[in-house]
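What follows is a single structure, written as structure tokens, with notes after it.
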Number of protein chains: 2
Amino acid sequence: MNRITVLLVDDHLVVRSGLKALLGTQPDIEVVAEAASGEDGLALAEQHSPAVVVMDLAMGAGMDGIEAIKQLRRRNAKQAVLVFTTYDSDADIVRAVDAGAMGYLLKDAAPEEIFAAIRGAVQGKSVMSAPVASRLFQQLRNPDEVLTPREAELLSLLIEGLSNRELGQRLFISEATVKTHLAHIYAKLGVETRAAAIATAIRREGMR
Amino acid sequence: MNRITVLLVDDHLVVRSGLKALLGTQPDIEVVAEAASGEDGLALAEQHSPAVVVMDLAMGAGMDGIEAIKQLRRRNAKQAVLVFTTYDSDADIVRAVDAGAMGYLLKDAAPEEIFAAIRGAVQGKSVMSAPVASRLFQQLRNPDEVLTPREAELLSLLIEGLSNRELGQRLFISEATVKTHLAHIYAKLGVETRAAAIATAIRREGMR
DNA sequence: GGAGGTATCAGCCAAAAGGCTGAGAGACCA
DNA sequence: TGGTCTCTCAGCCTTTTGGCTGATACCTCC
């Protein structure tokens, strides 16, 4: 029986170490490489061609997880990417799925859940933690309130405290477009100002 | 030679698992128990009397790490507490030290740093990650950046997303006064806009 | 009793943000 | 092929915010 090869991408050594220890207990799963950054992750994915990439979203410096997933998808369609992160923010979920993630696990997930997600991923099954699933269901019930990927991306920069001009420069779009997106975001979040949007995003969306 | 007994308290299984794997490589350190919540941590600390408690601050539900540290100190337990967390927020650092923590490590710390912190802790030495130390030094060097009580009060309302007018109404002061306070807050936080102030307050000051 | 810190307020001006309407391009789908 | 969604952009106008300068009042501390 072929073992499932896995690449771990997480900037926290303890998390990589913990995942490795957990996955090491499973005879059919093998961690073939580890990376501490998105850049390293891409290089190692190319080098080892693992069946599954387990990826954190928040990486201290450099390329973040979402960008790394996009790059992976752009280069090679074979690897299934599992997001493995601390927060179940709506925006992150939307962006990760949009980027091409196969599953979305939270770091407090039970070991069996993690194993199942990895085994499912190689078979093309989407697996996600219960809180993540429930968020998605709620979004299905209220489709009007779902942020588009671009809006989510903008929101994630908004909560960094950037101005409209800075947002435009960062996303290579005009300030007018930024304002359009912001207006839509405000409507969906049910707020009127950017300050309230930031506050809401950080609390309700769990962003930070 | 006596081994240093350690209790792990972290709500993430992978982190506990990773720490255990890392610490297991050291002959003089032994993990004697693990807890996934502050409450369990207190109970296990009493039961096992470990030399060192490695504690996460953000625990999903129930008692958080700071409260658990306070409880431990209140029971005048002998254990040295090492904080082991993801964020180096000023407010968390101050609160943890105030609660009686012996050290403050970030989750991206190198293994040697973690080992050294545990060994130091049993000898009464304070050890902290470099970014944490630099934050503390910065606070000591720049007492000017400490918010006055009124400013802190205003900031706590600011991060709710209120406008200047609303802030004035809530605090029974004129909008002009609100603007004065805000200008001072921005200067102390090192930002230029309210959006950045909110973002900074929530991250660096740990407010929410 | 003066110095320094804190909290209060005013007015003026420039910049930023927000509300509104309209519109074109590309993707996707029935 | 036509409708819908998303992303993009523009112009116009009002409101809000931020920068600056200066002022009064209270408190504490030396």
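Sequence lines set the chain letters: A, B, ... in the order given, protein chains first and strands last, and positions in each chain run from 1.
Checking A/Thr180 against A/Thr177 by side-chain atom types alone, no donor-acceptor pair falls below 3.5 Å.
Within the 4.0 Å cut-off from OP1 or OP2 of D/dC5, not a single side-chain nitrogen or oxygen of A/Thr148 is found. The phosphate of C/dA16 (OP1 or OP2) has no side-chain N or O of A/Asn164 nearer than 4.0 angstrom. Contact check, B/Arg150 against C/dT8: a side-chain N or O comes under 4.0 Å of OP1 or OP2.
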Nucleotides 19-30 of chain C: protein proximity per nucleotide (B base, S sugar-phosphate only, - neither; heavy atom, under 4.0 Å)
B-----------

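For A/Arg165, the listed nucleotide lying nearest its side chain is C/dA16; candidates were D/dT17, D/dT6, C/dA16. For A/Arg194, the side-chain atoms get nearest to C/dA17 when compared with the rest of D/dG18, C/dA17, D/dT17.
Of the residues in residues 166-177 of chain A, those with a non-hydrogen atom less than 4.0 angstrom from any atom of DNA chain D are A/Ile173, A/Ser174, A/Ala176, A/Thr177.
Remark: side-chain polar atoms of B/Thr200 are paired, donor with acceptor, to backbone N or O of B/Ala196 under 3.5 angstrom. Without hydrogens or angle criteria, A/Thr5 side chain to A/Ala51 main chain gives a donor-acceptor distance under 3.5 Å.
Summarising the geometry, the separation between CG on B/Leu154 and C1' on C/dA7 is reported as 12 Å, rounded to the nearest angstrom. The CD1 atom of A/Ile198 sits 14 Å away from the C1' atom of C/dA16 (whole-angstrom rounding).
Looking at heavy atoms from C-beta onward, A/Asn164 lies in side-chain contact with A/Leu167 at the 4.5 angstrom threshold.
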